[in-house]
Amino acid sequence: MRFLIQRVSEATVHSGGELLGRVAPEHAPGLLVLAGFGMADTMELPESPAWEKMLDKLLDLRILSDSQGKLNLSLRDTGGGLLLVSQFTLYADCRKGRRPSFAGFSAPPALAEQLYDSLVRDLRERHTGPVETGRFGAEMQIGLVNDGPVTIALDSADFSS
């Protein structure tokens, strides 16, 4: 599982002209999180220590500014908005040629959708602020104002020991 985390002052996700989710200004700063699942991920992932560490790390990363402008606050501290969007391209293999390859790197769609649904459910249970989402497998348009800018990548492989 991989997360690309962006601190945002606002963010939206649309599909087919419909607003699916957002980090609204009244819940900002918040986080836009692109979440992807790879071939090594299984349905056992949500029961694993790596899952727990990734979710806790996401909610507890001190990447939101305090009153002095220092990165001292977490999403859990502020109750800011969280927008989760599925993103299989986080597992792109770009080593050969000019076209990214996803075969053999990204989790199969049916499995990835189950894992994404588990991620959404678990984060809604843990986070006191709003948790909104995109639509799994849909063509989506994401708008955001990256605040800072602050962008952090997390990979569950880093927490699998």
Report whether [X] and [Y] are members of the same hydrophobic cluster (ILVMFWY, side-chain heavy atoms less than 4.5 Å apart, transitive linking).
| X | Y | value |
| --- | --- | --- |
| Y91 | M43 | no |
| V33 | M140 | no |
| F136 | L34 | no |
| M54 | I5 | yes |
| L111 | F3 | yes |

Using only atom types and a distance under 3.5 Å, with no angle test, would you say the side chain of [X] pairs donor to acceptor with the backbone of [Y]?
| X | Y | value |
| --- | --- | --- |
| R7 | L31 | no |
| D93 | S101 | no |
| T89 | A92 | no |
| Q6 | T151 | no |
| D122 | L119 | no |
| Y116 | L84 | yes |
| N146 | V150 | yes |

Given side-chain contact (heavy atoms from CB on, under 4.5 Å), test T133 with L83 step by step and report yes or no. CA-CA 5 Å; T133 68; L83 178 57; 5.6 Å; no

Would you call K53-D158 a salt bridge at under 4.0 Å N-O? no

Charged N-O contact under 4.0 Å between R62 and D77: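 Looking at D77 together with R62, the answer is no, because their closest N to O distance does not fall below 4.0 Å.
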
Which heavy-atom pair separates [X] from [Y] by the least distance, and what is that distance?
| X | Y | value |
| --- | --- | --- |
| L20 | S15 | CD1-CB, 3.6 Å |
| C94 | P100 | SG-CB, 4.0 Å |
| G38 | A107 | O-CB, 3.4 Å |
| L32 | A11 | CB-CB, 4.4 Å |

To the nearest 0.5 Å, how far apart are [atom1] in [X] and [atom2] in [Y]?
| X | Y | atom1 | atom2 | result |
| --- | --- | --- | --- | --- |
| L58 | I152 | CG | CD1 | 11.0 Å |
| R135 | E113 | CZ | CD | 11.5 Å |
| Q87 | S106 | CD | OG | 9.5 Å |
| R22 | T12 | CZ | OG1 | 8.5 Å |
| L73 | D60 | CG | CG | 12.0 Å |
| L82 | R126 | CG | CZ | 12.5 Å |

When you compare the side chain of [Y] with that of [X], does any pair of heavy atoms fall below 4.5 Å?
| X | Y | result |
| --- | --- | --- |
| L123 | L59 | yes |
| W51 | S118 | yes |
| P46 | L115 | yes |
| S9 | P29 | no |
| M1 | L45 | yes |

Working note: L4 + L154, criterion side-chain contact (heavy atoms from CB on, under 4.5 Å); need CA distance, chi angles, decisive distance, verdict. CA-CA 7 Å; L4 184 67; L154 291 180; over 6 Å; no

Please check if atom CD in E139 has more than 12 non-hydrogen atoms from other residues, nucleotides or ligands closer than 6.0 Å. no

side-chain contact (heavy atoms from CB on, under 4.5 Å) assessment of R76 paired with D56: CA-CA 9 Å; R76 204 180 313 251; D56 285 341; 3.4 Å; yes

Test side-chain contact (heavy atoms from CB on, under 4.5 Å) on H127 and L75; report intermediate values, then the result. CA-CA 8 Å; H127 184 47; L75 196 63; 3.5 Å; yes

Under the side chain to side chain donor-acceptor pair (under 3.5 Å) test, residues paired with R124 that sit two or more places apart: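 Scan of R124 (side chain to side chain donor-acceptor pair (under 3.5 Å), adjacent residues dropped) gives none.
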
Could you tell me whether the side chains of N72 and S65 share a donor-acceptor contact shorter than 3.5 Å?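 N72 vs S65: no donor-acceptor pair found between side chains.
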
Cation-pi check for F37 against R2: NZ or CZ below 6.0 Å from the six-membered ring centre and within 45 degrees of the axis, yes or no?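 That pair does not qualify as a cation-pi contact.
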
For the aromatic rings, using the six-membered ring if either is Trp, is the centroid distance between F102 and F88 under 6.0 Å? yes

